[in-house]
Asker: 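One structure, as structure tokens, below. Some questions next.
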Amino acid sequence: MVRNRCLWRSSGSLYPAFQKNYHRDKASVNSKDTEQPKQTNAVVTRFAPSPTGFLHIGGARTAMFNWLFARHHGGKALLRIEDTDKARSTQEAIDAILEGLDWLGLDWDDEPVFQSARADRHAEVAHQLLASGNAYKCFATSEELTAMREQQRAEKKPMRYDGRWRDRDPSEAPEGAPYAIRLKTETAGKVTIADKVQGDVSVQNSEIDDFILLRSDGSPTYMLAVVVDDHDMGVTHLIRGDDHLNNAFRQLALIRAMGWAEPVYAHIPLIHGNDGAKLSKRHGALGVDAYRDMGILPDAMFNYLLRLGWGHGDDEIISREQAIQWFALEGVGKSPSRFDTKKLQNLNGHYMRDADDAALVQLATPWIEKDLGRSLSDADSQLLGQAMPVLKSRAKNLIELADSSLFLFKKRPLVLDERAENLLDDDARTLLKSIHLALNDLDDWTLEATEEVIKAIAESAELGLGKLAQPMRAALTGSTSSPGIFDVLILLGKEESLGRLADQIEKT
RNA sequence: GGCCCCUUCGUCUAAGGGUUAGGACGCGGCCCUUUCACGGCUGAAAUACGGGUUCGAAUCCCGUAGGGGUCACCA
């Protein structure tokens, strides 16, 4: 469980559980028979974001699917921060991602692994490959390679490393020249991946060039780092965006060169914006935090993201428990889906209505306080709690909820909005006068009693209830829409209600 | 451009050889109603196109078109 972030940020040993696993392969390689039969039921997944920005929608869904798959199988869901790109990785991004995951209610087993701390192990594997003849030193300079690609492009040939150092003797290189380590990949035949989502996908080995494992400065590339980390962490199922599908073939080549167990792959389609293109900055609010700030409930987001690209018959409202029970990779669609804010809002409305009143009071309070410019007293909070049942059924998100509650806390005399002001013409004010009179005489301030009084007036004046309710609403709430008018009366109490009515009558 | 993937209402999806192609969001109408919501009923709305295979195709095969992804000493 990842709850207290300080736990690992301030800790000196970031991945204690991990270090124990460090030499596990050597042991398990030697004991083949103990390794083989058991490995089927232990599911280990991982979510591996690179901390270069907030947790975007696509990442959130990938995280969810990994989490759900692990929980469904009673396995482990691990978290790894891919922070090897020091120039782009920031602590703010790490925090934002962890917060986003936490907000969504996703917890992780073991301590998060920071990839940057594992560079030595990555290098070790690269050198192991070098020693076994599965990799070689490449002395080509960046300039040289750029030139090579330029030429390939000019000749309209595929842009790939041409293997110029593959069979050359390192002694041909200048004395002490820096070199990168490249994987010696297969040149003939093809590889096929039995992807749980995409099905069988094959690629000719000739398409896969000898990619770099270790840079000339000794740092590992992403391709090396992922494979080594996934292996060391014991990851059995790789669920990630299908933008990694092409990488999978390279990674598989590396895995096979090391003789490691091959994971099960599941490449899920990316989420697209309204225009069908890959989600990017220009699509507007994208971080999970942005939706939190829009007053979306985590459960609604969870449900929405779950149903995006995944289905379970006609089910729409799905609880976490059901999601864990039902989730299967087979249900994931193969085509990219578009993000639909309207549906999210609708789902959020469902979860608002279902939510616990006390919880909603907590969640809405910050917005209310911001609007009011003061903090809520205990009495205010209690009033809000009383009003919650009639407020929450009308709100699609926490912002609407907060807005709709403001009339409870506003000080007299109320400032009416334009529509409410227009509604209060002379006739309406005359009506308010008789309403005020009748309510003033009422001692039994209950829903039933107030309703009886108002209905009596409506009847004697031969008017519909609406003719009375709307002016009352305007005077009592300053707006033309609110909870039921008798609810409003009761929530406000007799004194406040009469005061607000009087304020508007006196204006004439 | 090379390689890989995708294609059912506007959107998310169900239907894995035989259904009036179902549900949800959104949109329209009606009902409920003191406003606004909720809710109920209801309407319009889809198998990208073209060929096969088959008694029968949204479903299997081929092609076309469109869309997406990926091609770094980034991750």
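Throughout, a chain's letter reflects where its sequence line sits, starting with A, and its residues are numbered from 1.
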Asker: Give the intermediate values and the outcome of side-chain hydrogen bond (donor to acceptor under 3.5 Å, both in side chains) for residues A:N247 and A:Y222.
Answerer: CA-CA 10 Å; A:N247 289 336; A:Y222 163 77; 4.5 Å; no
Asker: Closest approach to the side chain of A:R307, judged atom by atom: which nucleotide of B:U70, B:A75, B:U13 is it?
Answerer: B:U13
Asker: Take the protein atom CG of A:D217 and the nucleotide atom C1' of B:A72, then report the distance between them rounded to whole Å.
Answerer: 14 Å
Asker: Check this one for me: any side-chain N or O of A:T84 less than 4.0 Å away from OP1 or OP2 of B:A75?
Answerer: yes
Asker: Could you go over nucleotides 5-11 of chain B and give all protein N or O partners under 3.5 Å, atom names and distances?
Answerer:
{"unit_1": "B:C5", "atom_1": "O2'", "unit_2": "A:Q198", "atom_2": "OE1", "d": "3.2"}
{"unit_1": "B:C6", "atom_1": "OP1", "unit_2": "A:K334", "atom_2": "NZ", "d": "2.7"}

Asker: For the base of B:C36, is there a side-chain donor-acceptor partner from A:S482 under 3.5 Å away?
Answerer: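 No pair found.
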Asker: At under 4.0 Å between heavy atoms, what does A:P269 touch on the DNA or RNA strands: base, sugar-phosphate, or nothing?
Answerer: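 Nothing, no nucleic acid heavy atom in range.
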Asker: Parallel, tilted or perpendicular: which one describes the rings of A:Y304 and A:F339, with boundaries at 30° and 60°?
Answerer: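 Correct class here is perpendicular.
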Asker: Does atom CD of A:E496 have more than 12 heavy-atom neighbours, drawn from other residues, nucleotides or ligands, at distances under 6.0 Å?
Answerer: yes
Asker: Looking at every strand, decide which applies to A:A140 at a 4.0 Å heavy-atom threshold: base, sugar-phosphate, or nothing.
Answerer: base
Asker: Mapping A:V203 and A:N246 to their closest nucleotides on RNA chain B, which lands nearer the 5' end?
Answerer: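 The 5'-side residue here is A:V203.
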Asker: Would B:C49 be called syn or anti here, given the cut-off of 90° from 0?
Answerer: anti
Asker: Using a 4.0 Å heavy-atom cut-off, does A:G349 contact any base of the nucleic acid, only the sugar-phosphate backbone, or nothing at all?
Answerer: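 Since no nucleic acid heavy atom lies under 4.0 Å of A:G349, the category is nothing.
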Asker: I'd like a list of close polar pairs between nucleotides 37-44 of chain B and the protein, N/O only, cut-off under 3.5 Å.
Answerer:
{"unit_1": "B:A37", "atom_1": "O2'", "unit_2": "A:S393", "atom_2": "O", "d": "3.2"}

Asker: Please work out whether the ring planes of A:F327 and A:F65 are parallel, tilted or perpendicular, with thresholds of 30° and 60°.
Answerer: tilted
Asker: If you check the A:L308 side chain, which of B:G69, B:U35, B:C12 turns out closest?
Answerer: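 Shortest atom-to-atom distance from the side chain points to B:C12.
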Asker: Of the nucleotides B:G69, B:A75, B:G23, which one has an atom closest to the side chain of A:D85?
Answerer: B:A75
Asker: Taking atom P of B:G26 as reference, at what distance in whole Å does atom CD of A:E316 sit?
Answerer: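 These atoms are roughly 11 Å apart.
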Asker: Distance check, P atoms only: B:A24 and B:G39, in whole angstrom units.
Answerer: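 Taking atom P in both B:A24 and B:G39, they lie 11 Å apart.
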Asker: So, is A:R250 near the phosphate of B:C4, with a side-chain N or O under 4.0 Å from OP1 or OP2?
Answerer: no
Asker: Calculate the interatomic distance between A:L270 atom CG and B:G68 atom P; express it in whole Å.
Answerer: 12 Å
Asker: When we call it a touch if two heavy atoms are under 4.0 Å apart, what does A:R88 touch: a base, just sugar-phosphate, or nothing?
Answerer: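 The answer is base, as A:R88 lies within the cut-off (heavy atoms under 4.0 Å) of a base atom.
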Asker: Using a 4.0 Å heavy-atom cut-off across all strands, classify A:L214 as base, sugar-phosphate, or nothing.
Answerer: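 Nothing, no nucleic acid heavy atom in range.
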Asker: Which whole-number value in Å describes the distance from A:Q345 CD to B:A24 C1'?
Answerer: 16 Å
Asker: Starting at CE of A:M223 and ending at P of B:U70, how long is that distance when rounded to a whole Å?
Answerer: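 Distance check: A:M223 CE to B:U70 P gives 12 Å.
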Asker: Using a 4.0 Å cut-off on heavy atoms, which residues in residues 204-213 of chain A reach RNA chain B? List them by number, or say none.
Answerer: A:E207, A:I212
Asker: With heavy atoms under 4.0 Å as the rule, sort A:I485 into base, sugar-phosphate or nothing.
Answerer: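 Base: the residue A:I485, judged by heavy atoms under 4.0 Å, touches a nucleobase.
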Asker: Measure from CG on A:D230 to P on B:A75 and round the result to the nearest Å.
Answerer: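 To the nearest whole Å, that distance equals 15 Å.
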Asker: In whole angstroms, how far is the P atom of B:U35 from the CG atom of A:D417?
Answerer: 17 Å
Asker: Pairing check on B:G2: which nucleotide meets the Watson-Crick or G-U wobble criteria with it, both distances under 3.5 Å?
Answerer: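 Here B:G2 is engaged in a pair, and the nucleotide opposite it is B:U70.
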Asker: Could you tell me whether A:S50 contacts a base, only the sugar-phosphate backbone, or nothing, with contacts defined as non-hydrogen atoms closer than 4.0 Å?
Answerer: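 Sugar-phosphate, backbone atoms only, no base.
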